[in-house]
Amino acid sequence: MLRFCFGCICLVIGSMIFSPLALAGEDEIYEKCKNHPRGPWCYQETVEQLDEPALCENILKYWPKANGVHGGGYYQLDLKNKDCTLCDFVQKADIKKMCKLDVCK
């Protein structure tokens, strides 16, 4: 019984440690940009090239203080696609205002 419980504990602890690493490994853009000197911008530029606005949210997931890069990514895609609804996802107030003025005409 003791051997079984020890095995369960090791399994739970192991999954807690390695699950986040496995999840981060699934994002090819992050793998490409994580060690780049301009990591968040590298990610944002790649997302813009792929034209995948939903991936902008990952910028804050991986670089929590990069809300300007996050907003800039949405702004660039908003301009490119002329999609005013994406402005609502911008968190930084000055970028959101600029987005609404430039895209939601």
Side-chain angles (χ1 to χ4, degrees):
M1 178 74 171
L2 183 59
R3 191 177 290 171
F4 174 74
C5 291
F6 181 74
C8 291
I9 291 170
C10 288
L11 182 64
V12 169
I13 291 173
S15 67
M16 287 171 34
I17 292 171
F18 294 111
S19 289
L21 296 176
L23 290 175
E26 293 175 8
D27 188 338
E28 293 177 15
I29 303 170
Y30 177 69
E31 289 301 316
K32 172 185 142 189
C33 297
K34 70 180 176 181
N35 294 321
H36 192 281
R38 298 178 63 242
W41 291 272
C42 169
Y43 198 97
Q44 182 266 321
E45 289 163 359
T46 305
V47 167
E48 188 178 339
Q49 290 170 356
L50 295 172
D51 198 22
E52 290 288 341
L55 293 177
C56 287
E57 289 304 312
N58 290 344
I59 295 170
L60 293 179
K61 176 180 170 185
Y62 302 127
W63 298 278
K65 295 181 180 179
N67 62 344
V69 178
H70 166 265
Y74 273 119
Y75 175 73
Q76 292 300 324
L77 288 166
D78 291 345
L79 282 175
K80 180 179 177 182
N81 297 318
K82 297 180 181 18
D83 184 358
C84 183
T85 62
L86 295 176
C87 293
D88 293 331
F89 294 102
V90 176
Q91 293 182 0
K92 200 162 179 178
D94 58 336
I95 298 173
K96 182 179 268 194
K97 181 179 179 180
M98 185 172 63
C99 184
K100 291 193 181 247
L101 288 171
D102 293 345
V103 181
C104 304
K105 296 177 184 178

Q) Can you tell me how far the NZ atom of Lys96 sits from the CZ atom of Phe89, to the nearest 0.5 Å? A) 9.5 Å
Q) Is any side-chain heavy atom of Leu86 closer than 4.5 Å to a side-chain heavy atom of Val103? A) no
Q. Do other residues, nucleotides or ligands put more than 12 heavy atoms under 6.0 Å from the NZ atom of Lys97?
A. no
Q. What distance separates Lys80 NZ from Gln49 CD, expressed to the nearest 0.5 Å?
A. 8.5 Å
(Q) What verdict does the side chain to side chain contact (heavy atoms under 4.5 Å, CB included) test give for Trp63 and Tyr30, after you've listed the backbone C-alpha separation in whole Å, the side-chain angles of each residue and the deciding distance to 0.1 Å? (A) CA-CA 10 Å; Trp63 298 278; Tyr30 177 69; 3.9 Å; yes
Q: Using salt bridge (Lys or Arg N to Asp or Glu O under 4.0 Å) as the criterion, list what pairs up with Lys32, not counting sequence neighbours.
A: none
Q) Just how far is it from atom CE of Met98 to atom CG of Leu79, taken to the nearest 0.5 Å? A) 8.0 Å
Q.
On a heavy-atom basis, which atom in Thr46 and which in Cys33 lie closest, and how many Å separate them?
A. OG1-SG, 4.3 Å
Q) Would Asp88 and Lys100 pass as an ion pair if we require N to O under 4.0 Å? A) yes
Q: Taking atom types as modelled, find out whether Glu48 and Gln44 have a side-chain donor-acceptor pair closer than 3.5 angstrom.
A: yes
For residues 51-60, please give each side-chain donor-acceptor pair under 3.5 Å, one per line with the distance, not counting sequence neighbours.
{"residue": "Asp51", "atom": "OD1", "partner": "Asn81", "partner atom": "ND2", "Å": "2.9"}
{"residue": "Glu57", "atom": "OE2", "partner": "His70", "partner atom": "NE2", "Å": "3.0"}
{"residue": "Glu57", "atom": "OE2", "partner": "Tyr74", "partner atom": "OH", "Å": "2.9"}
{"residue": "Asn58", "atom": "ND2", "partner": "Asp27", "partner atom": "OD2", "Å": "3.4"}
{"residue": "Asn58", "atom": "ND2", "partner": "Tyr43", "partner atom": "OH", "Å": "2.9"}

Q.
With rounding to the nearest 0.5 angstrom, report the CD1 to CG distance, Ile95 to Asp102.
A. 12.0 Å
Q) Between Cys87 and Cys99, is the SG-SG gap less than 2.5 Å? A) yes
